[in-house]
Amino acid sequence: MSVEMALHTYTKERLNCAQSILKAFRHRKDITQNEIDAAGAMGGGKAEGGVCGALYAALLLNEDRERRQSLRDSFADRAGSERCREIRAKKMISCAQCVELAATLLGENAGGK
């Protein structure tokens with residue numbers, strides 16, 4: 001359900017990648033609307049280290065160090081990188097697919113919560 005919500009939020013509500021993940025999974029950490037709004041600055045490669053905003057938001061929602069690393073590795077393996085610019089340059093997957101991938105991995109990573 002959260003994967004569909006993330007995609008809907010990205011494609012229909014026109015929130016950015018980071019905001020879409022935070023909104024779809026807001027129940028995980030009681031994310032506020034202000035935090036979702038603030039994530040507007042994390043899309044388009046502007047997240048810390050140039051990381052994809054969808055991945056960055058997924059990492060924010062996951063506190064376990066091993067799970068975070070697994071999430072990073074799986075995302076980079078499927079997207080070609082964890083950095084937005086590199087993902088876009090390789091053209092392996094679209095931004096919408098990055099949102100879907102991050103949401104799917106986040107769901108798998110925490111037992112679908």
Side-chain angles (χ1 to χ4, degrees):
M1 179 70 160
S2 294
V3 174
E4 292 82 9
M5 173 65 158
L7 276 173
H8 173 82
T9 303
Y10 183 76
T11 60
K12 303 296 184 204
E13 294 181 33
R14 310 293 290 164
L15 296 183
N16 75 17
C17 52
Q19 291 172 308
S20 297
I21 294 297
L22 290 180
K23 185 170 181 179
F25 290 89
R26 69 188 312 170
H27 61 280
R28 292 257 182 106
K29 288 183 79 174
D30 296 323
I31 301 294
T32 67
Q33 186 61 47
N34 286 342
E35 290 170 306
I36 293 168
D37 293 344
M42 290 187 249
K46 296 176 188 151
E48 186 177 316
V51 171
C52 167
L55 174 60
Y56 186 80
L59 293 170
L60 288 176
L61 292 166
N62 205 327
E63 295 177 2
D64 181 87
R65 178 175 246 192
E66 288 182 27
R67 286 185 178 166
R68 286 172 57 98
Q69 189 59 51
S70 174
L71 187 66
R72 266 184 193 277
D73 294 343
S74 294
F75 185 92
D77 184 51
R78 296 182 196 176
S81 176
E82 64 180 47
R83 297 194 182 347
C84 181
R85 282 191 177 167
E86 293 173 11
I87 293 167
R88 286 180 172 182
K90 291 180 180 184
K91 298 180 181 182
M92 290 173 56
I93 66 174
S94 68
C95 291
Q97 289 171 315
C98 285
V99 170
E100 181 177 21
L101 176 58
T104 299
L105 292 172
L106 189 57
E108 291 172 358
N109 210 270
K113 288 183 181 176

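Computed from a prediction, not measured in an experiment: that's the story for all the values here.
- A donor-acceptor distance shorter than 3.5 angstrom exists from the side chain of Gln97 to the backbone of Ser94, with no hydrogens or angles considered.
- Contact annotation: the side chain of Leu105 approaches that of Glu108 to within less than 4.5 Å [non-hydrogen atoms, C-beta and beyond].
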**OP:** Would you sort out whether Leu61 and Ile31 count as a side-chain contact (heavy atoms from CB on, under 4.5 Å), showing the intermediate values?
**Re:** CA-CA 9 Å; Leu61 292 166; Ile31 301 294; 3.9 Å; yes
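- Looking at Ser70, its side chain never comes within 3.5 Å of a backbone N or O of Glu66 through a donor-acceptor pair.
- Note that CE of Met42 is 12.0 Å distant from CD1 of Ile21, once rounded to the nearest 0.5 Å.
- A pairwise comparison of heavy atoms in Ala57 and Ala18 identifies CB-O, 3.5 Å as the closest pair.
- Taken from SG in Cys95 to CG in Leu101, the straight-line distance is 12.5 Å, to the nearest 0.5 Å.
- Closest non-hydrogen pair, Asn16 versus Tyr10, comes out as C-CD1, 3.8 Å.
- Side chains of His27 and Ser2 form a contact here, defined as non-hydrogen atoms less than 4.5 Å apart.
- The residues Lys29 and Glu35 are annotated as not salt-bridged, no charged nitrogen and carboxylate oxygen being separated by less than 4.0 angstrom.
- One distance of note links SG of Cys52 with CG of Leu59; it measures 9.5 Å at 0.5 Å rounding.
- Both Leu55 and Ile93 sit in one connected hydrophobic cluster of ILVMFWY residues. Membership requires side-chain heavy atoms under 4.5 Å apart, directly or through other members.
- Here the side chain of Asn62 pairs no donor or acceptor atom with the backbone of Arg68 at under 3.5 angstrom.
- Residues Leu60 and Phe25 fail the side-chain proximity criterion, which asks for heavy atoms closer than 4.5 Å.
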**OP:** Output, in order, the C-alpha distance, side-chain angles, deciding distance and verdict of side-chain contact (heavy atoms from CB on, under 4.5 Å) for Gln33 and Ile36.
**Re:** CA-CA 5 Å; Gln33 186 61 47; Ile36 293 168; 4.0 Å; yes
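- In this structure, SG on Cys98 lies 11.5 Å from CD on Glu82, to the nearest 0.5 angstrom.
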**OP:** With side-chain contact (heavy atoms from CB on, under 4.5 Å) as the test, would you mind laying out the steps for Thr9 and Met5 before giving the verdict?
**Re:** CA-CA 6 Å; Thr9 303; Met5 173 65 158; 3.8 Å; yes
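- Note that CZ of Arg85 and NZ of Lys90 are 15.0 Å apart. Values are rounded to the nearest 0.5 Å.
- Between Gln19 and Glu13 the shortest side-chain heavy-atom distance does not fall below 4.5 Å.
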Original post:
Given Met92 and Arg78, is the side-chain contact (heavy atoms from CB on, under 4.5 Å) satisfied, shown in steps?
Top reply: CA-CA 9 Å; Met92 290 173 56; Arg78 296 182 196 176; over 6 Å; no
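- Heavy atoms only, all atoms of each residue included: Glu86 and Ser81 are closest at OE1-OG, 2.5 Å.
- Among all heavy-atom pairs drawn from Ala54 and Cys17, the shortest one is N-SG, 3.6 Å.
- In Glu63, the CD atom is not crowded: 12 or fewer heavy atoms of neighbouring residues, nucleotides or ligands sit closer than 6.0 Å.
- Smallest separation of non-hydrogen atoms from Ala39 and Leu22: CB-CD1, 3.6 Å.
- For the pair Ala103 and Ala6, the tightest heavy-atom approach, listed with the atom from each and the gap, is CB-CB, 4.0 Å.
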